[in-house]
There are 2 protein chains.
Amino acid sequence: MFMENNTAVRIREMAHDLIADRGYFGFSYADIAETVGIRKASIHHHFPSKVDLVVATLKEYRAKLAEAAGGLDQSIADPLQRIKLYVQYWAECVKSNSRPICIAALLSAELPALPEQIQAEVQLHFKYLVSWIRTTLKEGARNGSVHLEQSAEVEAQSFVALVHGAMISARALGSPEIFSSITKGALERFQPER
Amino acid sequence: MFMENNTAVRIREMAHDLIADRGYFGFSYADIAETVGIRKASIHHHFPSKVDLVVATLKEYRAKLAEAAGGLDQSIADPLQRIKLYVQYWAECVKSNSRPICIAALLSAELPALPEQIQAEVQLHFKYLVSWIRTTLKEGARNGSVHLEQSAEVEAQSFVALVHGAMISARALGSPEIFSSITKGALERFQPER
DNA sequence: ATCAGACTACCTACTAGTAGGCGTGGATGC
DNA sequence: GCATCCACGCCTACTAGTAGGTAGTCTGAT
């Protein structure tokens, strides 16, 4: 049967929560064991090492992103609207304080100290995200629904950086509204006729 | 005599290096002891607890920022030029990989897991930085040397977020140039006549 | 004589990870 | 139909190593 192991999923989800809260070094198998309601050693049965667990968490995270992005590409005709929905998703995460930060961005901050396999996954996430934004912006620029002042590549890089920075500022200042007000301005700048 | 304790300074500087590399949970007194050439226990003589050390490091960091910002305010007439020099400072840090990330931004990522005193220091840093950028942008807007599309507050918040996000993207992608290309665009947008 | 600043030696708590046992449940052989 | 098997999930009990922190001692300069 292909029924995915339920406990493994719960462990991975808990790992995601904890990483979003504290980063790689800030959580332990003991933390996960407690909240999942399992013993420490049992986690090793599903994920032999902490690196395995975090790599799996990042792979799943990227798969979910790809799935969501693909869904938007298919169901929303207007490219700018797709990006607005992406921002709106994060605005809600920030507001409700549920995983209010991109774990790839968080792990990138700690990057030099992380095991190589995790570094590689983090880099893949950034590459995928920037590439999706770039492609979407390009499509919008082509059909005139998006206005770009610089190359699509630089605009995409800037947008990703702004969104991640906004998450961090919102966390630092304890103010979810800051995320919204920062990203609102960036989205307006993409509007063609002003 | 007011000659500040040399060892304490070296410990603090090393702490800064290590935090910029790995974050709060990623370094230990043992790491510092090794590189400073002192025993672990001796660090406790200067900084009784890890919290004390990190708070002191953040206070010094903020003092240095205030000193540099004040210096720019006095010696550089053009507000936009002051901000350009601020960005240039970071561009060089990123390029040379010496403390290539703002430790307040990095610690903000791990914020929920940090001791309260450290959270407070991180928040103070953000408040000071945003306030300096806001004041500087406002001055530029008043004398016509800076063009703002939104309120100075939102523009300042956005700019700080963009710079921090750019540091993180540069780290994730292992490419210092990304920091420069992202920030270049943001600075151009402040230019009044285009 | 004092005292800052370093030391040795130690503590407890926690880390990731391992060894090996136990029970369940589904597949297999007869 | 029934006994056997065995993989799986989870467990207890443990390891070596490291974390931050403490107690008490030595030393050298004022």
Side-chain angles (χ1 to χ4, degrees), chain A residues 1-19 21-58 103 107 110 112-119 121, chain B residues 1-19 21-58 60 103 106-107 110 112-119 121:
Chain A
M1 283 278 265
F2 282 132
M3 189 186 76
E4 199 178 352
N5 185 315
N6 208 331
T7 309
V9 173
R10 277 164 59 217
I11 293 170
R12 223 174 39 206
E13 302 244 299
M14 202 58 226
H16 190 140
D17 288 353
L18 287 167
I19 295 169
D21 223 51
R22 324 180 182 174
Y24 181 76
F25 300 104
F27 80 98
S28 74
Y29 271 39
D31 297 322
I32 293 180
E34 200 178 336
T35 49
V36 172
I38 212 179
R39 295 293 144 149
K40 232 179 36 162
S42 309
I43 303 174
H44 287 283
H45 172 74
H46 298 279
F47 303 97
S49 80
K50 194 177 181 181
V51 174
D52 294 321
L53 171 57
V54 174
V55 165
T57 304
L58 282 168
I103 57 171
L107 292 174
E110 305 173 327
L114 299 181
E116 278 186 27
Q117 299 171 61
I118 297 178
Q119 294 189 24
E121 284 302 322
Chain B
M1 282 276 268
F2 281 133
M3 188 187 77
E4 201 178 350
N5 186 314
N6 207 330
T7 308
V9 173
R10 277 164 59 217
I11 292 170
R12 224 174 39 208
E13 303 244 298
M14 202 58 226
H16 191 141
D17 288 354
L18 287 167
I19 295 168
D21 224 49
R22 323 180 184 174
Y24 182 76
F25 301 103
F27 81 98
S28 73
Y29 270 38
D31 297 323
I32 294 181
E34 200 178 337
T35 49
V36 171
I38 212 177
R39 295 293 145 149
K40 231 178 39 160
S42 308
I43 302 174
H44 287 283
H45 173 75
H46 298 279
F47 304 96
S49 80
K50 195 179 181 181
V51 174
D52 294 323
L53 171 57
V54 175
V55 165
T57 303
L58 281 167
E60 174 68 16
I103 56 171
L106 198 165
L107 291 175
E110 305 173 326
L114 300 181
E116 278 186 27
Q117 298 171 61
I118 297 179
Q119 294 190 23
E121 284 302 322

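Worth saying up front: this structure is predicted, and the values here are computed from it rather than measured. Below, all heavy atoms of this structure are taken into account, side chains as well, without hydrogens, waters or symmetry copies. Letters A, B, ... mirror the listed sequences (proteins, then strands); counts begin at 1.
Close to C:dG5, at under 4.0 Å from its OP1 or OP2, lies no side-chain N or O of B:T7. Taking 4.0 angstrom as the limit, B:H46 places a side-chain polar atom (N or O) nearer than this to OP1 or OP2 of C:dA6. The phosphate of C:dG5 (OP1 or OP2) has no side-chain N or O of B:S42 nearer than 4.0 angstrom.
B:R39 has its CZ atom 15 Å from the P atom of C:dC10, to the nearest Å. The distance between atom NE2 of A:H45 and atom P of D:dG9, rounded to the nearest whole Å, is 4 Å. D:dC10 atom C1' lies 10 Å from atom CD1 of A:I11, rounded to whole Å.
No side-chain heavy atom of A:D31 sits less than 4.5 Å from a side-chain heavy atom of A:T35. Between B:D17 and B:M14 there is a side-chain heavy-atom pair separated by less than 4.5 Å. In this structure the side chain of A:I32 reaches within 4.5 angstrom of the side chain of A:L53, judged on heavy atoms. Side-chain atoms of B:E110 and A:E110, non-hydrogen and from C-beta on, do get closer than 4.5 Å to each other. By the 4.5 Å heavy-atom criterion applied to side chains, B:Y24 and B:K50 are counted as neighbours.
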Could you run through nucleotides 13-30 of chain D and give me one letter per nucleotide, 5' to 3': B if any protein heavy atom sits under 4.0 Å from the base, S if only the sugar-phosphate is that close, - if neither? B-----SBBBB-------
N/O to N/O distances under 3.5 Å, protein versus nucleotides 23-26 of chain C:
none

Could you walk me through whether B:L107 and B:E121 pass the side chain to side chain contact (heavy atoms under 4.5 Å, CB included) check? CA-CA 10 Å; B:L107 291 175; B:E121 284 302 322; over 6 Å; no
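Residues A:V51 and A:P115 come closest through the heavy atom pair CG2-CG, 3.6 Å.
A donor-acceptor pair under 3.5 Å links the side-chain atoms of B:R10 to the main chain of B:V36, judged by distance alone.
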